[in-house]
Protein chains: 2
Amino acid sequence: MTDLKSSSNPLFLREEDLRQGIELLFYAYRDFTAEPDAILTKWGLGRAHHRVIYFVGRNPNITVTELLAILKITKQSLSRVLGTLIEDEFINQRADPSDRRRKLLTLTEKGRELERELTTTQMARFARAYRETDAEAVEGFRRVLSGIINPEDRARVRPRQRTGSGRG
Amino acid sequence: MTDLKSSSNPLFLREEDLRQGIELLFYAYRDFTAEPDAILTKWGLGRAHHRVIYFVGRNPNITVTELLAILKITKQSLSRVLGTLIEDEFINQRADPSDRRRKLLTLTEKGRELERELTTTQMARFARAYRETDAEAVEGFRRVLSGIINPEDRARVRPRQRTGSGRG
DNA sequence: CTAATTAAGTCAACATGACTGACCTTAAAT
DNA sequence: ATTTAAGGTCAGTCATGTTGACTTAATTAG
């Protein structure tokens with residue numbers, strides 16, 4: 001009855017497979033955020049603060065505009081979260097010498113420590129998942145998830161900087 | 001300098017690779033939810049309503065308790081969202097004949113239509129990503145994301161019901 | 001049969017993180 | 001000198017989560 005939709009035609013993407021992807025992404029994200037959320041609560045911070053801390057740590061001297069492009073939230077929303085982080089001395093601002101309207105954001109030592117604590121839990125989760133599979137699976141994961149991201153933002157995810165054999 | 005951390009030791013999971021996973025998941029989830037969110041706004045609904053509609057559609061006659069286990073939110077939070085959906089006639093409730101404390105949830109025709117509209121955008125995104133890669137990559141994606149999910153919930157994501165050759 | 005447990009619902013109060021819209025300052029670019 | 005861009009701010013709103021206390025109804029265990 002549903003034979004056309006199932007294995008008889010390997011080129012037909014079955015709804016079941018697509019829904020499985022949807023659900024994997026939902027559950028993975030749900031669990032991926034749970035541990036950091038618990039740590040953040042101890043500091044009186046939330047998930048929005050985590051995202052800012054993460055991307056400032058990852059991109060030292062990032063500007064507010066660039067941060068907005070990553071997070072895709074409004075300036076007002078970011079402003080409040082960023083204000084807290086600066087006041088609590090997790091993040092430093094300094095004027096860009098070449099354009100003094102711009103403020104360059106960096107983590108303070110305190111900020112780096114919190115970033116490390118938060119990111120460690122998420123890296124441990126990925127390390128476990130990577131180890132449970134193999135390099136081929138990890139590459140597949142990377143390529144599929146990259147395809148889920150809007151094309152214009154795929155380049156934001158830094159490609160591995162290969163130091164080994166692969167040059168071409 | 002960082003040679004030990006890089007390609008010279010293929011068993012060492014480099015921080016760069018782990019962070020790439022973190023970022024892929026962040027961007028993928030951000031874009032994955034954007035289209036449904038826009039549709040939901042037209043109906044005066046939010047992301048929380050989507051999740052309920054999705055999982056009720058996926059699990060007809062699901063109970064509130066089971067829904068709570070999937071969503072991992074509080075009964076009070078679910079109650080508000082579910083109340084709206086029942087009032088707006090996206091979801092039906094009926095008592096379980098074998099245990100009349102339980103209420104079984106199903107989508108109405110209106111609910112099925114909205115579910116279809118929302119899920120279609122997400123399935124299209126996965127279909128594109130799957131087509132851009134290959135079956136091996138998809139399998140890798142599945143295995144890695146499954147490893148990100150807490151072990152006790154991995155079985156919630158239904159394995160493909162194979163109708164083809166593989167029986168054992 | 002009674003007591004305990006379970007499923008569900010409800011009320012109140014609160015926190016977080018989004019949003020819109022209006023407006024202002026500062027500095028760079030034309 | 002004017003326009004544009006980056007950034008900040010104020011005010012109000014909404015969605016979605018939280019805790020805690022409590023109720024009702026129905027099943028299950030002693």
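Since the structure is predicted, the reported quantities are computational estimates derived from the model, not experimental observations. Order of the sequence lines fixes the chain letters, A, B, ..., with proteins taken first and strands second; residue numbering starts at 1 for each chain.
Other residues, nucleotides and ligands place no more than 12 heavy atoms under 6.0 Å from the CZ atom of A/R100. The environment of B/E89 atom CD is sparse: at most 12 non-hydrogen atoms of other residues, nucleotides or ligands sit within 6.0 angstrom.
Residues A/D99 and A/R80 both approach DNA chain D. Their nearest nucleotides, taken by heavy-atom distance, put A/D99 toward the 5′ side. If you find the closest nucleotide of DNA chain C to A/I73 and to B/I86, the one lying nearer the 5' end belongs to B/I86.
Considering only side-chain atoms of A/S79, the nucleotide from D/dA26, D/dT9, D/dA21 that sits closest is D/dT9.
If you take CG of B/L104 and P of D/dA26, they are 15 Å apart, rounded to a whole angstrom. Between B/L78 atom CG and D/dA15 atom C1' the separation is 15 Å, expressed in whole Å. Between A/L82 atom CG and D/dG8 atom P there is a gap of 7 Å when expressed in whole angstrom units. Atoms CD (A/Q93) and C1' (D/dG7) sit 9 Å apart, rounded to a whole Å.
Contacts with DNA chain D (heavy atom under 4.0 Å) in residues 44-69 of chain B: B/G46, B/R47, B/A48, B/H49, B/R51, listed by number.
Classification of A/R143 and B/D134 as a salt-bridged pair holds, one side-chain N sitting under 4.0 Å from a carboxylate O. Of the charged side-chain nitrogens involved, at least one lies within less than 4.0 Å of a carboxylate oxygen, so that B/R156 and B/E66 count as a salt-bridged pair. Salt bridge annotation for A/D88-A/K110: absent, with no cationic side-chain nitrogen under 4.0 angstrom from a carboxylate oxygen. Ionic pairing of B/E113 and B/R116 is not present here: no N-O contact between side-chain nitrogen and carboxylate oxygen is shorter than 4.0 angstrom.
At the heavy-atom level, B/K75 lies under 4.0 Å from base atoms of the strands shown.
No N or O donor and acceptor, one from the side chain of B/R101 and one from the base of D/dA25, sit under 3.5 Å apart.
When DNA chain C is scanned in the 5' to 3' direction for atoms under 4.0 Å from non-hydrogen atoms of chain B, the outermost contacting nucleotides are C/dT6 to C/dC11.
A donor-acceptor contact closer than 3.5 angstrom links the side chains of B/Y54 and A/E23.
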task: List the steps, then state whether salt bridge (charged side-chain N to carboxylate O under 4.0 Å, His left out) holds for B/R142 with B/E139.
output: CA-CA 5 Å; B/R142 209 191 317 268; B/E139 184 57 28; 3.1 Å; yes

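Applying ring pair (Phe, Tyr, Trp, His ring centres under 6.0 Å) to A/Y29 and the options B/F32, B/F26, B/Y29 leaves one that passes, B/Y29.
Phosphate proximity of D/dT18 to B/S77: present, with a side-chain N or O under 4.0 Å from OP1 or OP2.
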